[in-house]
Trainee: 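Let me begin by handing over the structure; questions about it come next.
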Amino acid sequence: MNDRIRTDIAHNARVWNYWLGGKDNYPVDRAVGDQVTGFYPSIGEVARADRAFLGRAVTFLAADAGTRQFLDIGTGLPTADNTHEVAQRVAPDARIVYVDNDPIVLTHARALLTSAPEGVTEYVDADAHDPEKILAAAGATLDLSRPVAVMMLGILNFVLDTTEARTIVRTLMDAVPSGSHLVLTHPTLEPELGGEGNKAAMAFWNENATPPITARSRAEFASFFEGLDLLEPGILSCSRWRATSQDAPVVAQFGAVGRKP
């Protein structure tokens, strides 16, 4: 087994996989996942809403915005409707670069994230804290002089310093041209989205799992889109972003898409 794979401590990608109903997880991941669910019973809904948001955002970008290049940072373990599957369903020639630094994700991604023959799917082993490395590696597959959708779903919450998180986003978006997009989701404690339950759950997570996590306010989340044009309907629960039904349960996870002018 890869010596970077820790089976004695819960890890985000595997717990998230468990919440989504996957099988790529260990007993410690399921135990922590169940404990977090005890603190915050709707966490499974958050995971599913985040995944559904990905599908709607990528479909919009590929079908309506004409995006053919996607940089998906914080890939997580492959599950149904991964970014390349959604994009290439619309545009078989779409090119996708996945980025993650979890060795078990790397192993699964190489085996399962296979491209349509007209397009390209690549995987970069890199940390979200190192955007320059990500850009250098992604540039081997993506043409960074043409629009790119930079996707960071549920990943900036693992960058604990907000100034650093903003710098990461700015570095990435400065490297791509006009017409590129930024796609984000992020957990929050804001009561309007029912985020109060996140507080105890996150405290438990930070004591028992890795990597550590933080929530952010609407204003902090909005600051990641400085210099970009927020697409309608703006910042709201990711479950409600361009949802076909506004009856979807609100989850304590912001979602938004911005376009670089």
Side-chain angles (χ1 to χ4, degrees), residues 12-13 16-17 20 22 24 47 50-128 130-156 168-169 171-173 175-185 231 238 241-242 255-260:
N12 175 68
W16 197 254
N17 174 264
L20 285 171
D24 298 312
D50 190 88
R51 198 72 190 176
F53 168 87
L54 180 151
R56 295 194 301 277
V58 172
T59 298
F60 161 77
L61 290 168
D64 297 345
T67 301
R68 295 296 178 266
Q69 302 191 109
F70 296 81
L71 178 58
D72 186 341
I73 301 170
T75 308
L77 283 158
T79 183
D81 285 338
N82 301 287
T83 297
H84 75 285
E85 293 168 326
V86 178
Q88 291 179 350
R89 206 174 289 146
V90 175
D93 61 337
R95 304 172 76 86
I96 294 87
V97 171
Y98 290 105
V99 181
D100 209 294
N101 70 332
D102 183 336
I104 199 169
V105 172
L106 172 61
T107 299
H108 284 73
R110 285 175 172 159
L112 298 176
L113 301 183
T114 53
S115 176
E118 302 94 329
V120 176
T121 299
E122 281 295 340
Y123 183 96
V124 171
D125 185 5
D127 193 307
D130 193 353
E132 291 87 355
K133 179 181 178 181
I134 290 171
L135 290 164
T141 300
L142 306 179
D143 179 356
L144 299 182
S145 69
R146 297 177 57 223
V148 177
V150 177
M151 303 178 58
M152 304 185 80
L153 274 62
I155 190 66
L156 288 174
I168 289 168
V169 171
T171 300
L172 293 166
M173 296 310 295
V176 295
S178 172
S180 295
H181 291 81
L182 175 66
V183 185
L184 296 183
T185 62
L231 302 188
C238 67
W241 191 89
R242 302 200 178 192
V257 179
R259 183 182 185 278
K260 185 172 179 177

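Computed from a predicted structure; not experimentally measured. Along the sequence shown, residues are numbered consecutively beginning with 1.
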Trainee: Show the nearest heavy-atom pair for residues Leu71 and Ala138, with the distance to one decimal.
Mentor: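 Smallest interatomic distance, heavy atoms only, reads CD1-CB, 3.9 Å.
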Trainee: Taking all non-hydrogen atoms of both residues into account, name the closest pair between Ala94 and Gln88 and its distance.
Mentor: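 Nearest heavy atoms, Ala94 then Gln88: O-NE2, 3.0 Å.
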Trainee: Between Asp81 and Arg51, does any NZ, NE, NH1 or NH2 come within less than 4.0 Å of an OD or OE carboxylate oxygen?
Mentor: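 Salt bridge: no.
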Trainee: Check whether any side-chain heavy atom of Val120 lies under 4.5 Å from a side-chain heavy atom of Ile96, and answer yes or no.
Mentor: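 No. Closest side-chain heavy atoms not under 4.5 Å.
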Trainee: Side chain of Asn82, backbone of His84: donor and acceptor closer than 3.5 Å?
Mentor: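 No, because the side chain of Asn82 does not come within donor-acceptor range (under 3.5 Å) of the backbone of His84.
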Trainee: So, for Ala126 and Val99, which heavy atoms are closest and what is the spacing to 0.1 Å?
Mentor: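 Minimum heavy-atom contact is O-CG1, 3.6 Å.
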Trainee: Do Ser145 and Pro177 touch side chain to side chain, with heavy atoms closer than 4.5 Å?
Mentor: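 No, their side chains stay 4.5 Å or more apart.
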Trainee: For Ala62, does its backbone N or O pair with a side-chain atom of Arg68 as donor and acceptor, under 3.5 Å?
Mentor: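 Confirmed, Arg68 side chain pairs with Ala62 backbone.
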Trainee: Check Phe53 against Val257 and note the closest heavy-atom contact, atom names and distance.
Mentor: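 Of all heavy-atom pairs spanning Phe53 and Val257, the closest is CZ-CG2, 4.2 Å.
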Trainee: Compute whether any side-chain donor of one residue and acceptor of the other, for Thr171 and Glu132, lie under 3.5 angstrom apart.
Mentor: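 On atom types as modelled, these side chains do not qualify, holding no pair under 3.5 Å.
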Trainee: To the nearest 0.5 Å, how far apart are CD in Glu85 and OG in Ser115?
Mentor: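 The distance works out to 10.5 Å.
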Trainee: Val176 versus Gln69: any side-chain heavy-atom pair under 4.5 Å?
Mentor: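 Result no, sub-4.5 Å side-chain heavy-atom pair not found.
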Trainee: Exactly one of Val124, Thr83, Val148 should register a side-chain contact (heavy atoms from CB on, under 4.5 Å) with Val97. Which one does?
Mentor: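 The option that passes is Val124.
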Trainee: So which heavy atom on Ile155 is nearest to which on Gly74, and how close?
Mentor: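 Minimum heavy-atom contact is CD1-CA, 3.9 Å.
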Trainee: Please answer whether the main-chain N or O of Asn101 pairs with a side-chain N or O of Asp127 as donor and acceptor at a distance below 3.5 Å.
Mentor: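 No.
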Trainee: Has the side chain of Thr59 got a donor or acceptor atom that lies under 3.5 Å from a matching backbone atom of Arg56?
Mentor: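 No; judged by distance alone, with no hydrogens or angles, the pair does not exist.
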Trainee: Treating Asp100 as the side-chain partner and Val105 as the backbone partner, does any N or O pair qualify as donor plus acceptor under 3.5 Å?
Mentor: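 Checking the backbone N and O of Val105 against the side chain of Asp100, no donor-acceptor pair under 3.5 Å is found.
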Trainee: Within the 4.5 Å heavy-atom criterion, are Leu182 and Lys260 side-chain neighbours or not?
Mentor: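 No. Closest side-chain heavy atoms not under 4.5 Å.
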Trainee: Minimum heavy-atom separation for Leu61 and His181, please, with both atom names.
Mentor: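 For Leu61 and His181, the tightest heavy-atom pair comes out as CD2-CG, 3.4 Å.
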Trainee: To the nearest 0.5 Å, tell me how far Trp16 CH2 sits from Asp50 CG.
Mentor: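 Taking CH2 in Trp16 and CG in Asp50, the distance rounds to 4.5 Å.
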Trainee: Is the shortest side-chain heavy-atom distance between Trp241 and Thr185 below 4.5 Å?
Mentor: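 No. Closest side-chain heavy atoms not under 4.5 Å.
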